[in-house]
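What follows is one structure encoded as structure tokens, with my remarks underneath.
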Amino acid sequence: MGTRGPRRGPGPTDGGWGWAVLGACFVVTGFAYGFPKAVSVFFRALMRDFGAGYSDTAWVSSIMLAMLYGTGPVSSILVTRFGCRPVMLVGGLLASAGMVLASFATRLLELYLTAGVLTGLGLALNFQPSLIMLGLYFERRRPLANGLAAAGSPVFLSALSPLGQQLLEHFGWRGGFLLLGGLLLHCCACGAVMRPPPGPRPRRNSAGDAPGEVEADSAGLRLREAPSGGRTRRRLLDVTVCTDRAFAVYAVTKFLMALGLFVPAILLVNYAKDAGVPDSEAAFLLSVVGFVDIVARPACGALAGLARLRPHVAYLFSLALMANGLTDLSSARARTYGALVAFCVAFGLSYGMVGALQFEVLMAAVGAPRFPSALGLVLLLEAVAVLIGPPSAGRLVDALKNYEIIFYLAGSEVALAGIFMAVATKCCLRHSQDATPSPATKGGASDTEDAEAEVDSEPLPAGAEEPGGLEAPEVPSPGTGPSEPEMAAEPGLDSESV
């Protein structure tokens, strides 16, 4: 897996307004990952008011997370069609409206539809576009930028949980939901910051009379072709990325990883209580994981950005996965408080490394133009794994009354993901690159994706259709002739748009 996307025209600024984009991405990532977990402080009040059990109430967070992951392809299509900024603005409004409407709920079903579906969809429409925009502003410092943005998750989780408890004590769960809905309006401010970077200008194809163009915008480069019928087609979701070996390896790795990565953190407090640790000390274990995670993510991002390590970022990611899996396996029999604290330090370190590197590896594997579609498909796959792994672990705990087996299973799944990533990268991807050298490879680049992206960026011949993608036909303006490349300005994509 290479580390550099295809270069077209002026590269990313690696600074300037990109730091404001990074700050907005930090906030959005914090809300996306921290908010569904922070809502759990209201569960006891919801159980009392609605007369429901914990499992029924916990579906609010589960639905929110399922929407965050499962609507990835929808977000990719919307970003490609409208651009990052409009999608994030609408997402912020949806997230806020969901919590405000939830404050008036009288049944759990209404909470599922408002706080679960609506707020989860709004967070998804903010999270994915922010990552896409971050990749457009950073290239040389992209690993560090990804690490700093990923640090928003533990920071916001550490802040939102106490804030939610204070809101619950002073205003009740209805007032707390109403105020949290207002807090989520900050996502709109983050969306307004996402100004599209200046990109390469559209160019004519080699035959001046052949209708075709390559359009640059805030969601990457998109292909357009103008057949003789006078209608243009745009690829909304590039499913051909699934045929890329690097993407296939990454997708399988993420699925295996998601089966077991989140299980220890979910069961940690109950596991400690079962070992005889007092409630207050057991709750502090999650704080230890959070504090280490905050430090580990930006530190690992800076480490991955070093010149000697960045070409091998896929191996660094696999090392982090194996370290996380081995931590679970070695700590399955930990029963003392000191051993559990040591486990939390090691787990927080490896967990932070995984969080800092996961999207950097995907960007390096598929390149910036195909990253929106690749991210949406990966999140959908991860949603399936998340809905399988933690619930299955909970059922096994109820059936076996034994946490040790769960830690062994979770650790094995994550370690297997790391081993698969390393072996597949070494055997499949490197060998395929050696077998088909390209001019870019001879010049020192290690990306097979560079050559593929250059092929993708060539104008299509007249009458040809793009294979493997969802396409939306468009009618050109009346003044556009069939022999002139179309210079259409998309709403929300122009560098001068607000």
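Computed from heavy atoms alone, side chains included, the values below leave out hydrogens, waters and symmetry copies.
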With heavy-atom distances below 4.5 Å as the criterion, would you say the side chains of L93 and C188 are in contact? yes
Could you check whether any side-chain heavy atom of M257 comes within less than 4.5 Å of a side-chain heavy atom of F317, counting everything from C-beta outward? yes
Show the nearest heavy-atom pair for residues L160 and G34, with the distance to one decimal. CD1-C, 4.1 Å
How many angstroms lie between atom NE2 of H186 and atom CG of N126, to the nearest 0.5 angstrom? 13.0 Å
Ignoring hydrogens and geometry, is there a side-chain-to-backbone donor-acceptor pair from W17 to P196 under 3.5 Å? no
When you compare the side chain of V100 with that of L180, does any pair of heavy atoms fall below 4.5 Å? no
Could you check whether F26 and W19 have their ring centres less than 6.0 Å apart? no
Using a 3.5 Å distance criterion without hydrogens, assess whether the side chain of T425 forms a donor-acceptor pair with backbone atoms of A422. no
Say whether S373 and D238, considering side chains only, have a donor N or O and an acceptor N or O under 3.5 Å apart. no
Which of these passes side-chain contact (heavy atoms from CB on, under 4.5 Å) with T119: F177, F35, F31? F35
Taking R174 for the side chain and S103 for the main chain, is one N or O donor matched with an acceptor at less than 3.5 Å? yes
Under 3.5 Å: donor-acceptor pair, side chain of R310, backbone of R140: yes
Would the distance check show the side chain of R297 and the main-chain N or O of A150 forming a donor-acceptor pair, the cut-off being under 3.5 Å? yes
Which value, rounded to the nearest 0.5 Å, describes the distance between L256 atom CG and E413 atom CD? 8.0 Å
CG on L125 to CE on M67, rounded to 0.5 Å: 8.5 Å
Is there a side-chain contact between F247 and L377 in this structure, where contact means two heavy atoms from C-beta onward sitting under 4.5 Å apart? yes
Taking atom types as modelled, find out whether E110 and T114 have a side-chain donor-acceptor pair closer than 3.5 angstrom. no
Test item: H170 side-chain N/O and L167 main-chain N/O as donor-acceptor pair under 3.5 Å: no
Please answer whether the main-chain N or O of L157 pairs with a side-chain N or O of Y33 as donor and acceptor at a distance below 3.5 Å. no
Distance check, rounded to the nearest 0.5 Å: L121 atom CG versus M64 atom CE? 12.0 Å
Heavy-atom distance under 4.5 Å between the side chains of L111 and F50, does that happen here? yes
Measure centre to centre between the rings of F43 and W59, then say whether the value is under 6.0 Å. no
Of all heavy-atom pairs linking G116 and I63, the shortest is C-CG2, 3.6 Å
Rounded to the nearest 0.5 Å, the CE atom of M133 sits from the CG atom of L131 at a distance of 11.5 Å
Ignoring hydrogens and angles, tell me if any N or O in the side chain of S96 forms a donor-acceptor pair with the backbone of L185 under 3.5 Å. no
Taking D244 for its side chain and T240 for its backbone only, find out whether a donor-acceptor pair lies under 3.5 Å. no
Rounded to the nearest 0.5 Å, how far apart are CD1 of I419 and OG of S318? 9.5 Å
Does some side-chain heavy atom of F156 sit less than 4.5 Å from a side-chain heavy atom of V27? yes
Taking A302's backbone N and O only, do any of them form a donor-acceptor pair with R141's side chain (distance below 3.5 Å, no angle check)? no
Does the ring of F359 carry K254 above it, NZ/CZ under 6.0 angstrom from centre and within 45° of its axis? yes
State, yes or no, whether a side-chain contact exists between V414 and V354 at a heavy-atom distance under 4.5 Å. no
Can you give me the closest heavy-atom contact between T71 and A124, atom names plus distance? OG1-CB, 3.2 Å
What verdict does the side chain to side chain contact (heavy atoms under 4.5 Å, CB included) test give for L183 and L163, after you've listed the backbone C-alpha separation in whole Å, the side-chain angles of each residue and the deciding distance to 0.1 Å? CA-CA 11 Å; L183 189 65; L163 175 62; 4.0 Å; yes
Does any part of the side chain of L381, heavy atoms only, come nearer than 4.5 Å to the side chain of Y69, both counted from C-beta? no
Where is the tightest heavy-atom contact between A145 and L22, given as atom of each residue plus distance? O-CD1, 3.3 Å
Using 30° and 60° as the class boundaries, would you call the ring planes of F262 and Y351 parallel, tilted or perpendicular? perpendicular
Nearest heavy-atom pair of A45 and L168: which atoms, and what distance? CB-CD1, 3.9 Å
Derivation of the side chain to side chain contact (heavy atoms under 4.5 Å, CB included) call for V21 and F138: CA-CA 10 Å; V21 172; F138 288 91; 5.5 Å; no
Using side chain to side chain contact (heavy atoms under 4.5 Å, CB included), reason through V295 and F291 one step at a time and then give a plain yes or no. CA-CA 7 Å; V295 177; F291 292 144; over 6 Å; no
Which atoms form the tightest heavy-atom contact between V361 and V313, and what is the distance? CG2-O, 4.0 Å
Stepwise, does the side chain to side chain contact (heavy atoms under 4.5 Å, CB included) test hold for L113 with L118? CA-CA 6 Å; L113 295 177; L118 202 57; over 6 Å; no
